[in-house]
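Comments concern the structure below.
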Amino acid sequence: MPCGKTPLTAVALSGGVDSTMTAMRLQAVGTHLVAVHFLTGYESEKGPDSPLVRTRRVCARLGIALEVIDCRDAFRRAVVEPFAAAYRRGLTPNPCALCNPLIKFGEVLQYCLGLGAERLATGHYARRIRDCQGRVHLMRGMDRVKEQSYFLARLTPYQLERSVFPLGDLTKERVVRMALEAGLQPGVSESQDVCFVRQEGYAGFLSAAGLIAPRPGPIVDVHGRLLGRHEGLHRFTVGQRRGINCPGPQPYYVVRLEPDAHRLVVGFKSDLFAGGCRVTDLSWIQPPDADRFPVQVRLRYRSAACAARIRVDDEGADILFEQPQLAVTPGQSAVFYRDDEVLGAGWIEAALPA
RNA sequence: UGGGGCGUCGUCAAGCGGUAAGACACAGGAUUUUGGUUCCUGCAUUCGGAGGUUCGAAUCCUCCCGCCCCAG
């Protein structure tokens, strides 16, 4: 139970290395902790290696009380169903960008506040700083490869105010080393795809769960020439090369999906460049004070930010790239940066011609 | 059934008597808190079929089969 003067911090534990080290780092500086573990209803493993059992072991070892939060309904409604709906509309969803603001720093944060916690710590590789006027800023993590600010870009200032990212100033390598030094077993399968799909892959997940009815259709090139057929647009995303199954003089890549005609349009790499994109449903951490200004934008996780100019209007914004960009994909999150700082994000609705 | 051309991996395609390039596709792996990209590896004991010449044939010869042109 929280003792009067030391504020209580909740830490989200998944049972993995990162969240465990998050808890240990906070504990090392004397933070008063409560652990929370949320259920999505899509946990893959059962038994002794399930996330929940691993989390219980961590808490027992660290001597932290654990609260298990049932987010199964919310997770299905806020993450899984929109994920499927996006595929039905020919988009490529970005569930992690949705889960962070709606589940982790939505449902879970609310629950933690209800417990009397003042803030929620997670193992994200991102930094949060406060300026001299007391405003919070979201910054890239120090580990330039692992850093996850992209997925946190849709947090609100309110959520960011109540977050803490103890791993943000560390590299993944360092965290793993610290975990080994602390005697933790090396996290075997650290790599994670969409957390709610299992071995069958996301396409298999969608059809197995009855979330999508595969609709075959034609594959055409950018000139409209018929090249072959596909087994469902949900198996493809812009920029994708594998799975098209059409031999040609050069590799074919997906240029766009046309859901109304169930048509897959493919072309060569040179057909993949876009000069900009239309984004909607903007979310700002640092609301802009002008409607036109230069930004750096990341069009997908794990790609460098590119220089661009943004023009904000009532419905969203147009982003015009300084240099054409490679496979701008509707449904993905475009995240706006000023150097290391995240300004906000919007959902990519369409690519603009190069 | 006159004349000419062609048949090499799923597709395109090198090779032209010395023991089957490459590209695309596909498969597997690596990487990865989205989907992709990228990278690595694998992928024709065999050249439409059957004979023959030769120390040796996908490469030369003969016949057969199948396509494609140009003439009837």
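All chains are named by letter (A, B, ...) in the order of the sequence lines, taking the proteins before the strands, and each is independently numbered beginning at 1.
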Protein-proximity profile, nucleotides 21-28 of chain B, B/S/- by nucleotide at the 4.0 Å heavy-atom cutoff, equals --SBSSBB
Separation of rU32(B) atom P from Asp143(A) atom CG, nearest Å, is 11 Å
Paired to rU53(B) by Watson-Crick or G-U wobble criteria (both distances under 3.5 Å) is none
Donor-acceptor pair between Tyr337(A) and Arg298(A) side chains, under 3.5 angstrom:
yes
Paired to rG36(B) by Watson-Crick or G-U wobble criteria (both distances under 3.5 Å) is none
query: Considering only the C1' atoms, how many Å lie between rC9(B) and rC24(B), rounded to the nearest integer?
result: 12 Å
Atom OH of Tyr125(A) and atom P of rU32(B) are separated, to the nearest Å, by 12 Å
If pairing means Watson-Crick or G-U wobble with both distances under 3.5 Å, then the partner of rC6(B) is rG66(B)
Whole-Å distance, Gln240(A) CD to rU37(B) P, equals 6 Å
From CG of Asn100(A) across to P of rU34(B) the rounded distance in Å is 12 Å
Answer for the Watson-Crick or wobble partner of rG42(B), both distances under 3.5 Å, is rC26(B)
Across every strand shown, the nucleotide meeting Watson-Crick or G-U wobble geometry with rA20(B) (both distances under 3.5 Å) is none
Residues at least two apart in sequence or cross-chain that pass side-chain contact (heavy atoms from CB on, under 4.5 Å) with Thr329(A), listed by chain then number, are Thr92(A), Thr237(A), Val238(A), Arg300(A), Gln332(A)
Within residues 253-273 of chain A, the residues having a heavy atom closer than 4.0 Å to RNA chain B are Tyr253(A), Lys269(A)
When rounded to whole Å, the CG to P distance for the pair Asn94(A) and rU34(B) reads 9 Å
Taken to the nearest whole Å, CZ/Phe75(A) to C1'/rU34(B) is 12 Å
Scanning all shown strands, the Watson-Crick or wobble mate of rG72(B) with both distances under 3.5 Å is none
Applied to residues 24-35 of chain A, the salt bridge (charged side-chain N to carboxylate O under 4.0 Å, His left out) test, sequence neighbours excluded, yields Arg25(A)-Asp169(A)
Between CG of Leu98(A) and P of rU34(B) the distance, given in whole Å, is 15 Å
Within residues 337-354 of chain A, the residues having a heavy atom closer than 4.0 Å to RNA chain B are none
Next on the checklist: On the side chain of Thr237(A), is there an atom forming a donor-acceptor pair with the base of rG36(B) - under 3.5 Å, no angle test?
Outcome noted: no
Within residues 319-333 of chain A, those residues having any heavy atom closer than 4.0 Å to RNA chain B are Thr329(A), Gln332(A)
